[in-house]
Number of protein chains: 2
Amino acid sequence: MSTQELVFSKDCSDCPIRHRAVCSRCEPDELLRLEEIKYYRSYEAGQTLVWSGDRMDFVASVVSGVAKLTQTMEDGRTQMVGLLLPSDFVGRPGRDRASYDVTAVTPVLMCCFRRKPFEDLMERTPHIATRLLEMTLDELDAAREWMLLLGRKTAREKIASLLAIMARREASERPARARGRVAFELPLTREAMADYLGLTLETVSRQVSSLKSEGVIELEGKRGIMVPDFARLLEETGDDTDGGHLI
Amino acid sequence: MSTQELVFSKDCSDCPIRHRAVCSRCEPDELLRLEEIKYYRSYEAGQTLVWSGDRMDFVASVVSGVAKLTQTMEDGRTQMVGLLLPSDFVGRPGRDRASYDVTAVTPVLMCCFRRKPFEDLMERTPHIATRLLEMTLDELDAAREWMLLLGRKTAREKIASLLAIMARREASERPARARGRVAFELPLTREAMADYLGLTLETVSRQVSSLKSEGVIELEGKRGIMVPDFARLLEETGDDTDGGHLI
DNA sequence: CTTGTCGGTTGATCTCGATCAAAGCCGTTT
DNA sequence: AAACGGCTTTGATCGAGATCAACCGACAAG
């Protein structure tokens, strides 16, 4: 398959700059230059892609699957600090050591770019930096919302918030769905949810059960979550519901 | 005072790109273009510069003083999500509404740039975007460390961590000081510390007292903190102390 | 079929930090 | 000097979530 083929047949789904379907200024020759320095890697669930402190000579974009960034204290307490879904970017141009553990939550396919050439390309292609800045600012916003969750929300609100975030993200992928009704796969174990929310897995389990028994959510098998009334779920998050951006 | 004068006499201390004394590629004429679109604003302690949701047609750089970014829930629970010290950047190119409340903690002087012209300048001056990306990535790292603190640390560790962060930042400003011994002004009230750490002000007060009575810190007047042995303080943070970057 | 493992649930108890309440300490105003 | 307001400290009590422990169900391996 020619490089050209790859780029356009897949709608450049592995170009980190295009991934979120925003950068309309991606020129074909710039994409080609990206093609030259990229390669794929796949990982199985549970596998750690990078350890905190490791040398990291690539940056990458998640093509499929879910991965997490975690920080761990000496005594084993761990906190998830990033959840990577398809189209998310990993790695940091200009730094050669990873700051967090990166672990596959489900099987993951990454599209990697060798770091040095990627940095060179960034120098020559200004709007890649602009796009990356935009994505990083989005991540920073998400991190700050997450901080409010960690610092001030109750266990119940935390669970509801996590479900709302996942549901919203799911909905944005496939916007066609019944009004207010959302169903999605939650790819996280109770323990991973606990690490996300700064709780213990027992508390997560109890609160999920409680939301289920009150009809806010329905469980479908192991990982399926069904939200009959999204607005109802939002009420449980403690967030401003009339903030406009409902979904 | 001529523009030239201002730029070079103050070592461009109000240029957000140069603020952290990193961007060695700032050309005089680029700095001049920044000069043309900037203005100063000062605020008194307690004053809110921007309300979440407000229109924000500038970006800015803190020249002096301390400001905070906070998020508040309907019922009044608030969480600080950013602490802005001199040289920090506020605002987001490409977005016209503020996402957080920005409040002066001490009297603050801001160097503001009208947003649209700043964005235009960014287009024409690629390494401004690069520099901004770098700064944003630093902030993201800080936010993620903060998430570990909020999600997993004990009250005592939280206090120690905050003090260590402030001490470290202080030390980097004026690197000349006795080995292990650091003194600094903590510009936050107990309530602000509580908002930073996801605690109540009573808990903050108790833990500070406890650290004092155990000799980890000494209080000098209202706001002065003296750390006789920085390594000792670090032990209390729960962080990896042999992570190299001690101070 | 048994055994093991992994993820999840549920129960009993404990504890850290929240909450409620009362003073204390300045610095400023009257 | 007295009164006041903002900030802090300290005490008593309460409760949400952690901890410890048992058990369940699904699935894979022996």
Side-chain angles (χ1 to χ4, degrees), chain A residues 44-47 68 73 75-79 103 105-106 149-163 185-214 217-225 236 238, chain B residues 44-47 73 75-79 103-107 149-162 185-214 217-225 236 238:
Chain A
E44 38 189 283
Q47 199 179 351
K68 60 182 179 178
M73 300 171 66
D75 61 6
R77 282 176 280 173
T78 78
Q79 174 66 50
T103 310
V105 171
T106 64
L149 177 151
L150 289 172
R152 295 301 186 193
K153 289 191 178 179
T154 65
R156 188 185 174 89
E157 289 168 340
K158 286 178 176 184
I159 300 286
S161 299
L162 171 57
L163 295 177
E185 291 292 302
L186 196 128
L188 305 176
T189 64
R190 298 287 179 245
E191 188 178 24
M193 292 173 70
D195 286 346
Y196 187 111
L197 301 170
L199 297 171
T200 60
L201 61 95
E202 292 95 330
T203 299
V204 170
S205 182
R206 279 184 243 273
Q207 296 294 339
V208 169
S209 297
S210 155
L211 286 175
K212 185 181 73 173
S213 72
E214 292 174 33
I217 59 173
E218 287 162 32
L219 305 186
E220 291 169 347
K222 202 90 173 184
R223 291 287 161 82
I225 304 278
E236 299 287 350
Chain B
E44 38 189 282
Q47 200 178 350
M73 299 170 68
D75 61 5
R77 283 175 280 173
T78 77
Q79 174 66 51
T103 310
V105 170
T106 65
L149 177 151
L150 289 171
R152 295 301 185 192
K153 289 191 178 180
T154 65
R156 187 184 175 92
E157 289 168 340
K158 285 179 175 183
I159 300 286
S161 299
L162 172 57
E185 291 291 304
L186 196 131
L188 305 176
T189 65
R190 298 287 179 245
E191 189 179 24
M193 291 173 70
D195 285 346
Y196 188 110
L197 301 169
L199 297 171
T200 60
L201 62 99
E202 294 95 328
T203 299
V204 170
S205 182
R206 279 184 243 274
Q207 296 294 338
V208 169
S209 298
S210 155
L211 287 174
K212 184 180 74 175
S213 72
E214 292 174 34
I217 59 172
E218 287 163 32
L219 306 186
E220 291 168 346
K222 201 94 175 181
R223 292 286 161 82
I225 304 278
E236 299 287 349

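Below, chain A is the first sequence line, B the second, and so on; all start at residue 1.
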Spell out, as yes or no, whether a donor-acceptor pair under 3.5 Å connects the side chain of B:Arg77 to the backbone of A:Arg152. yes

Closest non-hydrogen atom pair, [X] against [Y]:
X        : Y        : result
A:Lys153 : A:Ser161 : NZ-OG, 2.9 Å
B:Leu201 : B:Ala194 : N-CB, 3.6 Å
B:Ala104 : B:Thr106 : CB-O, 3.4 Å
B:Leu149 : B:Lys158 : O-CE, 3.3 Å
A:Tyr196 : A:Leu150 : O-CD2, 3.8 Å

Does any residue of residues 197-207 of chain A have a heavy atom under 4.0 Å from DNA chain C, and if so, which ones, in number order? A:Leu201, A:Glu202, A:Ser205, A:Arg206

Measure the distance from [atom1] on [X] to [atom2] on [N] and round it to the nearest whole Å.
X        : N      : atom1 : atom2 : answer
B:Arg77  : D:dA16 : CZ    : C1'   : 13 Å
A:Arg190 : D:dC23 : CZ    : C1'   : 17 Å
B:Ile225 : D:dT8  : CD1   : C1'   : 13 Å
B:Ile159 : D:dT8  : CD1   : C1'   : 13 Å

Could you walk me through whether A:Gln207 and A:Met193 pass the side chain to side chain contact (heavy atoms under 4.5 Å, CB included) check? CA-CA 12 Å; A:Gln207 296 294 339; A:Met193 292 173 70; over 6 Å; no

Listed by chain and number, what are the side chain to side chain donor-acceptor pair (under 3.5 Å) partners of [X], not counting sequence neighbours?
X        : result
B:Thr203 : B:Thr200
B:Glu236 : B:Arg156, B:Arg232
B:Arg190 : none

Residues within residues 149-156 of chain A bordering DNA chain D, heavy-atom distance below 4.0 Å: A:Thr154, A:Ala155

Just the endpoints, please: which first and last nucleotides of DNA chain C, 5' to 3', lie under 4.0 Å from a heavy atom of chain A?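 Listing 5' to 3', DNA chain C meets chain A from C:dG8 to C:dA12.
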
